[in-house]
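A quick write-up on the structure given underneath.
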Amino acid sequence: MDSNLRELFDLLIRWVHLIAGIMWIGNSMLWNWLDRNLESRADAPEGFEGEIWLVHSGGFYQMEKKQLEPNQMPKVLHWFKWQAYSTWMSGFALLLLVYYMGDASFLVDPAVAKLSHGAAMAIGLGTLAGGFLVYDLIWRSPLRTKEPIAIGLCFVLLAAIIYGLNHLLSGRAAFIHIGALLGSIMVGNVFFHIMPSQRELIALTKAGKRQDAKLGKHAKQRSIHNNYMTFPVLFIMLSNHFPSTYGNSLNWVLLAVLMVSGALVRHFMNIRFWWPHWGIALVATVVIGVGTTFALMTRTSGPPVPQAAMDTQEKVDFSAVRIVIRQRCVACHSATPTDDQWKVPPSNVTFDTPEQIKMYAERIKARAVINKTMPFGNKTGMTQEERDLLARWFLQGSPVQ
Ligand code: HEC
């Protein structure tokens with residue numbers, strides 16, 4: 001595909017994905033909030049589950065949650081499903097466009113595992129389909145009534161997937177596939193469980209029958225799962241812009257910690273904590289989550305070069321550095337890139353002149369020495385010795401003459 005066309009599609013689909021995602025997650029949060037804040041009434045009729053008053057947009061809203069009487073169908077009934085479907089469809093289109101139709105270096109990092117593009121795609125798609133299937137089977141099985149066991153099992157399996165993918169695909173691709181898996185589970189819950197149970201409720205009412213409380217409960221269980229997945233998924237979507245996360249040498253630990261912390265924060269928001277207990281738990285979760293992430297980030301920026309190599313007093317010659325950068329980076333990072341995929345310099349970063357190299361020295365260190373997320377997918381085959389050379393050059397103040 002022409003690279004300008006690809007860029008345009010990427011932009012447009014991402015835009016749609018963001019809008020749909022905001023609408024879906026925003027709705028989901030509002031419904032969950034409503035459910036938690038419903039008030040009961042002394043004279044509540046049968047089937048009444050609660051009511052709530054809201055003020056917004058220049059007026060008052062009165063909402064009531066209830067089961068309908070047989071034959072009591074309202075003329076106009078609003079559904080909420082397209083936000084979920086369009087978020088998933090645009091997300092999947094992006095995955096195809098960027099990771100599957102794009103350069104192999106998006107999916108494969110030879111330093112992680114030497115896979116072919118096809119094998120990496122199979123692993124990615126297999127994770128999405130297989131992951132959803134296993135989750136769905138667990139929550140269809142009798143285990144669904146033994147929630148602590150089912151939740152524990154899901155966490156263990158998810159941790160295994162996080163570990164496995166981060167040892168098979170490039171860090172960036174591993175992260176995005178875990179986000180895509182959670183997103184697919186969420187939309188699968190809407191498509192295979194929440195919608196059918198709503199259709200069933202309506203069918204019963206239309207047929208003049210009593211509504212079955214079990215249906216609502218089943219849908220609610222899946223909807224709560226979705227609610228807990230929102231924060232972790234949003235973190236993963238952002239993480240692709242932070243190479244310090246997916247590029248970390250313990251990226252799977254970092255991801256697991258932030259996912260659990262995100263879900264816990266969501267939990268503390270759900271249960272509307274009482275000070276001080278839940279307040280302390282919330283603060284502790286944030287401190288532990290953020291603290292571990294920071295510790296992991298700084299841990300990998302320790303001495304990146306063997307001590308012996310650091311101790312050499314020998315001055316690094318800039319011309320050697322320049323050759324490395326020309327060989328390993330300039331194929332993409334140049335005003336006139338020669339790479340087959342990137343026809344304009346990525347992020348508008350170019351290393352054609354010593355001044356440009358000097359200007360980006362800190363970022364070069366971060367990407368090529370510390371988290372090793374550049375060269376992209378190590379497409380140009382940069383060696384550890386070359387990274388060590390750059391590291392020594394930084395230690396000597398990154399001189400450019
Ligand atoms: C195959 C193409 C390719 C090669 C080769 C490559 N890069 Fe990149 N680079 C990219 C892409 C794509 C992006 C934007 C996505 C991203 O930031 O991960 C990028 C972004 C960057 C950025 C800007 C983002 C930031 O984190 O500040 C820096 C700096 C960078 N690369 C450094 C390097 C260095 C240093 C090398 C050589 C050791 C290198 N790149 C080699 C493709 C490449």
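Computed over heavy atoms, backbone and side chain alike; hydrogens, waters and symmetry mates excluded. Just so you know, ligand 1 is whichever comes first in the structure, and atom 1 is the first atom listed for that ligand.
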Filter the ligand 1-protein atom pairs down to N or O on both sides and distance under 3.5 Å, then list them.
| unit_1 | atom_1 | unit_2 | atom_2 | d |
| --- | --- | --- | --- | --- |
| ligand 1 | 7 (N) | H333 | NE2 | 2.8 |
| ligand 1 | 9 (N) | H333 | NE2 | 2.9 |
| ligand 1 | 17 (O) | R367 | NH1 | 2.9 |
| ligand 1 | 18 (O) | R367 | NH2 | 2.8 |
| ligand 1 | 26 (O) | R363 | NE | 3.3 |
| ligand 1 | 26 (O) | R363 | NH2 | 2.6 |
| ligand 1 | 26 (O) | R367 | NH1 | 2.7 |
| ligand 1 | 27 (O) | R363 | NE | 2.7 |
| ligand 1 | 31 (N) | H333 | NE2 | 2.7 |
| ligand 1 | 40 (N) | H333 | NE2 | 2.8 |

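- Judged by the 6.0 Å and 45° rule, R266 forms no cation-pi pair with Y228.
- For CE of M237, the number of neighbouring non-hydrogen atoms (other residues, nucleotides, ligands) closer than 6.0 Å is greater than 12.
- The environment of CG in N348 is sparse: at most 12 heavy-atom neighbours from other residues, nucleotides or ligands sit within 6.0 Å.
- Residues meeting the ring pair (Phe, Tyr, Trp, His ring centres under 6.0 Å) test with F106, sequence neighbours left out: Y99, W342, F376.
- No close placement of the F191 and W88 rings is indicated, their centers lying 6.0 Å or farther apart.
- Salt bridge D109/K379: absent, no basic N to carboxylate O contact under 4.0 Å.
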